[in-house]
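Worksheet: one structure, shown below.
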Amino acid sequence: MSIKTFLLPDLGEGLTEAELVRWMIAEGDSVIVDQPIAEVETAKSLVEIPCPFEGVVSTLHGDAGQMMLVDEPFISVNTGGVEPEAAAPAAEGALSYREEEMAGTQVPEEAEEDEASGNVLIGYGTGASKPSTSRRRRPRAGSTTAAASSETSTQAVRVINPLVRKLARENSIDIHAVRGTGPEGLVLRADVEALISQGQPDAAAAVPAAPAAAPAPAAAPAPQKPSEGAAAGADKRTGLPVASSQVLSGVRKTIAAAMSTSRREIPEATVWVDVDVTKLLKLRGKIKESEGQAPSIMALISRFAVAGLQRFPELNSRIDVEDDGSLRHTIFDGVNLGFAAQTDRGLVVPNVRDAHKLNANELSAEFARLAGVAREGKAGVSDLSGSTFTINNYGVFNVDGSAAIINYPEAAILGLGRIVQKPWVVNGKIKVRSICELTLSFDHRVCDGGTAAGFLRYVADAMTDPKKALSTL
């Protein structure tokens, strides 16, 4: 028989794990290529995983509720036939689309025909229509060629996940010296995180030159008595009862990581301005009266923001760190507009693709559609990744303003506060006007304050005199 193992694929931008919600098949069941086999929940959405092989399910590598890591075994299938290399372990057939990143650490072999669709997601097509490609097999234990490869490539590091490399680089860890605990010495994220938690910036110091005996397990610490006056279930630091305590996971874990990365990576600055939106509200009212419906205020402001990005493109960009540590600034020709949406699963950022091609009515419709699927947990990977600029309407929470955290790796985020009536000086006279606070947080590496202020002023002026602005779009 021939056992092939399918690795959990990358389910979206920056995601390295997913929670297994349920299996849709069982061990012993027959499966066909692209048949849905499981439903997993990422920090962004619920995703159905298709089977890349045809055969009989041999092993399910996880249980419902378990966190599954990307590029780790997900399901093994007996595809029938005779295994050409019977001495090879079952995991021999486990291949990842990132396998090519391991060039130099493996022995190249003859190219072979793809027997299945590969690591793909429902709706993303299969490899059936693509030309076959070369793939490197993992060398077998005891293989002469594998041993020779190890001897001649002692400096090659077995890492297939670019996020692991990035994590090591950010924490000043020499990835070449990390001792991998994965199959055949593969360096996993857990290996790097273990060194970080030990406070060892130099990974080499944590790797013994030769195998050493495992240290004896440390004795369990003696139970501590609660401090005087504190309840037995109280937090020892504060003496207060603990209402709940749990490790962050799923959406909250991803949000925490994204916010930390943004604050750590981006030197952000914030500018803001109060805007008189009285005319904008009146214009929307007239449109609704004449046409029966009107775009949302957020859609109108977003249309102005997209136009502003075409005039100040530096804010529609991102900065990436190259492997050599240099910074690359990429400015996009077109806007994928992200918007913050609060859901029962947490804060997510769907994005309107090619927002620069849409008018205010079309933007309003897309906001409503994407917010709906996001709250239902049905948004696809493309709906929740790839944005180039984000707008955040925190006015719905009845607050005036906020210095929002930039949606990493974007360069800026525009915030809208609530609209309230305030006394306002108009032509030298005090009148009651509808006022909204507009805030822009931006990456100071991509531009200076003049550019950021110019963009914010353009949007604010368009909101103040929308008829004039719309006539030029």
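Just so it is clear, the values below take in all heavy atoms, side chains as well, and ignore hydrogens, waters and symmetry mates.
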Would a distance-only check, ignoring hydrogens and angles, find a side-chain to backbone donor-acceptor pair under 3.5 Å from [X] to [Y]?
{"X": "Asp443", "Y": "Ile266", "result": "no"}
{"X": "Asp324", "Y": "Ser326", "result": "yes"}
{"X": "His356", "Y": "Val335", "result": "yes"}
{"X": "Arg433", "Y": "Val275", "result": "no"}
{"X": "Asp235", "Y": "Thr238", "result": "yes"}
{"X": "Ser364", "Y": "Ala360", "result": "no"}
{"X": "Ser262", "Y": "Ala258", "result": "no"}
{"X": "Glu265", "Y": "Tyr408", "result": "no"}
{"X": "Asn336", "Y": "Gly386", "result": "yes"}
{"X": "Asn351", "Y": "Asp383", "result": "yes"}

Counting heavy atoms not belonging to [X], are there more than 12 under 6.0 Å from its [atom1]?
{"X": "Asp320", "atom1": "CG", "answer": "yes"}
{"X": "Trp424", "atom1": "CH2", "answer": "yes"}
{"X": "Asp354", "atom1": "CG", "answer": "yes"}
{"X": "Gln293", "atom1": "CD", "answer": "no"}
{"X": "Glu322", "atom1": "CD", "answer": "yes"}

Is there side-chain contact between [X] and [Y], with heavy atoms separated by less than 4.5 Å?
{"X": "Leu414", "Y": "Leu438", "value": "yes"}
{"X": "Ile301", "Y": "Leu280", "value": "yes"}
{"X": "Pro466", "Y": "Leu300", "value": "no"}
{"X": "Leu315", "Y": "Cys447", "value": "yes"}
{"X": "Val352", "Y": "Phe367", "value": "yes"}
{"X": "Ile49", "Y": "Glu39", "value": "no"}
{"X": "Ser434", "Y": "Val420", "value": "no"}
{"X": "Ile75", "Y": "Ile25", "value": "yes"}

Check: Could you walk me through whether Thr388 and Asn316 pass the side-chain hydrogen bond (donor to acceptor under 3.5 Å, both in side chains) check?
Finding: CA-CA 6 Å; Thr388 61; Asn316 186 44; 2.6 Å; yes

Just how far is it from atom [atom1] of [X] to atom [atom2] of [Y], taken to the nearest 0.5 Å?
{"X": "Glu314", "Y": "Leu309", "atom1": "CD", "atom2": "CG", "result": "10.0 Å"}
{"X": "Ile196", "Y": "Asn171", "atom1": "CD1", "atom2": "CG", "result": "3.5 Å"}
{"X": "Lys422", "Y": "Ile430", "atom1": "NZ", "atom2": "CD1", "result": "14.5 Å"}
{"X": "Asn407", "Y": "Ser387", "atom1": "CG", "atom2": "OG", "result": "5.0 Å"}

Heavy-atom pair of closest approach, residues [X] and [Y]:
{"X": "Lys357", "Y": "Glu362", "value": "O-OE1, 4.0 Å"}
{"X": "Thr278", "Y": "Asp276", "value": "OG1-OD1, 2.7 Å"}
{"X": "Thr270", "Y": "Ser441", "value": "OG1-OG, 3.2 Å"}
{"X": "Ser317", "Y": "Thr330", "value": "CB-O, 2.9 Å"}
{"X": "Arg303", "Y": "Leu358", "value": "NE-O, 3.3 Å"}
{"X": "Ile287", "Y": "Ala294", "value": "CG2-CB, 3.9 Å"}

Notebook entry, point to check: Charged N to carboxylate O below 4.0 Å: is that the case for Arg369 and Glu366?
Noted result: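 Salt bridge flag = yes for Glu366 with Arg369.
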
Check: Step by step, would you call Leu8 with Leu69 a side chain to side chain contact (heavy atoms under 4.5 Å, CB included)?
Finding: CA-CA 7 Å; Leu8 181 65; Leu69 296 179; over 6 Å; no

Next item on the list: Just do the side chain to side chain contact (heavy atoms under 4.5 Å, CB included) check on Met463 and Val459 with the steps written out, would you?
Entry: CA-CA 6 Å; Met463 293 166 63; Val459 178; 3.9 Å; yes

Next item on the list: Specify whether Phe74 and Trp23 have parallel, tilted or perpendicular ring planes, treating 30° as the upper limit for parallel and 60° as the lower limit for perpendicular.
Entry: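 Ring orientation, 0 to 90° scale: tilted.
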
Next item on the list: Tell me, with the steps shown, if Val192 and Ile173 meet side chain to side chain contact (heavy atoms under 4.5 Å, CB included).
Entry: CA-CA 8 Å; Val192 177; Ile173 290 177; 4.1 Å; yes

Margin query: Ring centroids only, cut at 6.0 angstrom: are Phe312 and Tyr458 within range, meaning strictly under it?
Written below: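 Centroid separation for Phe312 and Tyr458: 6.0 Å or greater.
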
Next item on the list: In sequence, state the C-alpha distance, the side-chain angles, and the governing distance for Thr439 and Asn392, and then conclude on side chain to side chain contact (heavy atoms under 4.5 Å, CB included).
Entry: CA-CA 10 Å; Thr439 306; Asn392 184 7; over 6 Å; no

